[in-house]
Every structure is written in C-alpha cells, then in structure tokens.
Amino acid sequence: MPIGDPCGGRFEYGDEGIPSGLAFIEIPVADKARALRFYRDVLRAEVRDDMTVTIGTLTIMFSERDGHKGRDIGIFLKVDDPFGFNRRMTDDGIKMIRHPGRGLFGVYASFEDSEGNVIHVI
C-alpha cells in the first residue's frame with residue numbers, strides 16, 4: 001500500500017513531492033568571517049547575515065568546520081563571460097585552478113576561494 005493512500009486503493013502520483021528547484025547550497029569553511037569577506041569583496045555577493053550570502057537568486061550558507069581543507073565541491077556559478085571573470089580574478093590575485101576552456105556544458109574556469117574550495121564558473 002502506498003504511504004499516500006491510507007485506504008489501500010489505487011493511487012496515482014502527480015507532481016507532488018518532486019523537486020522544483022535549488023533551495024540553497026552549503027559550503028564548508030574553516031573561517032566563516034574570512035569566507036564572508038571573500039564572497040562579499042571578490043564575488044560581490046550580498047551578505048544576508050553572519051553565515052549566509054546571495055549571488056543573484058542563489059543562497060550560499062557557510063558551515064564552519066574545524067580543520068577544513070579545501071576541495072572541489074562541484075559548484076558551478078553562472079557568469080556572462082568566463083574569460084572576463086578569469087582576467088578579473090587573476091588581476092585580483094585569486095588562485096585560478098583552471099583557465100577558461102571548453103567543457104561538456106560550455107566554457108568554464110575554476111578558482112580557489114578563501115577556504116581552498118574549488119568553485120567553477122560557466
């Protein structure tokens with residue numbers, strides 16, 4: 001018997017319970033204040049509170065973890081011009097992990113945030 005049908009009869013699913021979008025992403029960091037400054041100053045994110053920023057409609061929440069070492073967390077941020085982004089980040093002294101190049105879904109580049117996490121732009 002499906003959970004949604006307490007009478008045990010035939011039950012047909014519609015669109016209920018299907019994901020409709022991305023709620024937010026969580027990024028592990030060793031130092032929340034440093035991460036907030038980086039995302040605010042370098043990526044021009046809007047700071048919402050002491051653990052959350054927004055970029056466009058995307059909400060990013062930082063979770064502070066002792067001893068966190070950066071890693072590729074699989075986040076791809078949308079940019080209009082990966083080449084312009086790469087130039088700006090390089091000029092600002094941000095460590096680029098991958099300069100713009102063609103990938104499966106288009107041209108993308110990768111950089112390291114203040115916590116050593118690898119973030120991609122596409």
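Since the model is a prediction, treat every value here as computed from it, not as a measurement. Numbers for residues simply follow the sequence, beginning at 1.
Annotation: the span from Asn86 atom CG to Asp91 atom CG amounts to 9.5 Å, rounded to 0.5 Å. Rounded to the nearest 0.5 angstrom, Arg87 CZ and Met96 CE are separated by 11.5 Å. The distance from atom CD1 of Ile119 to atom CD1 of Ile27, rounded to the nearest 0.5 Å, is 4.5 Å. The CD atom of Glu46 lies 12.0 Å from the CD1 atom of Ile60; values are rounded to the nearest 0.5 Å. Leu36 contributes atom CG, which lies 8.0 Å from atom CG of Asp49 (distance to the nearest 0.5 angstrom). Taking CD1 of Ile122 as the start and NZ of Lys78 as the end, the distance is 11.0 Å to the nearest 0.5 Å.
Applying the salt bridge (Lys or Arg N to Asp or Glu O under 4.0 Å) test to every pair with at least one member in residues 102-118, sequence neighbours left out, gives these pairs: Arg34-Glu115, Lys95-Glu112. Pairs engaging residues 66-96 under the ring-ring contact (aromatic ring centres under 6.0 Å, His included) rule: Phe76-Tyr108, Phe76-His120, Phe85-Phe111 [sequence neighbours left out].
The neighbour count for Arg88 CZ, taken as heavy atoms of other residues, nucleotides or ligands under 6.0 Å away, is above 12. By the neighbour-count criterion of 12 heavy atoms within 6.0 Å, atom CG of Asp80 is sparsely surrounded, having that number or fewer from other residues, nucleotides or ligands.
Residues meeting the side-chain contact (heavy atoms from CB on, under 4.5 Å) test with Asp50, sequence neighbours left out: none. Looking at residues two or more places apart in sequence or on another chain, you find a ring pair (Phe, Tyr, Trp, His ring centres under 6.0 Å) between Phe62 and Tyr39. Residues passing the salt bridge (Lys or Arg N to Asp or Glu O under 4.0 Å) test with Glu26 are Arg65, sequence neighbours excluded. With sequence neighbours left out, Leu22 forms a side-chain contact (heavy atoms from CB on, under 4.5 Å) with Ile25, Leu58.
In this structure the side chain of Val53 never reaches within 4.5 angstrom of the side chain of Arg40, judged on heavy atoms. By the 4.5 Å heavy-atom criterion applied to side chains, Val118 and Arg98 are not counted as neighbours.
Leu43 and Val47 fall within the same hydrophobic cluster, where Ile, Leu, Val, Met, Phe, Trp and Tyr residues are linked whenever their side-chain heavy atoms come under 4.5 Å apart, directly or through other members. Clustering ILVMFWY residues whenever any of their side-chain heavy atoms sit less than 4.5 angstrom apart, transitively, puts Phe38 in a cluster other than the one holding Met51. Hydrophobic clustering places Val42 together with Ile73 (ILVMFWY residues linked when any side-chain heavy atoms are closer than 4.5 Å, directly or through intermediates).
Between the side chains of Ser114 and Arg37, not a single donor N or O lies within less than 3.5 Å of an accepting N or O.
A donor-acceptor pair under 3.5 Å is absent between the side-chain atoms of Asn117 and the main chain of Val29, judged by distance alone.
Nearest heavy-atom pair, Ala23 versus Thr59, reported as atom, atom and distance to 0.1 Å: O-CB, 4.4 Å. Residues Ala109 and Pro100 approach most closely at CB-N, 3.8 Å, considering heavy atoms.
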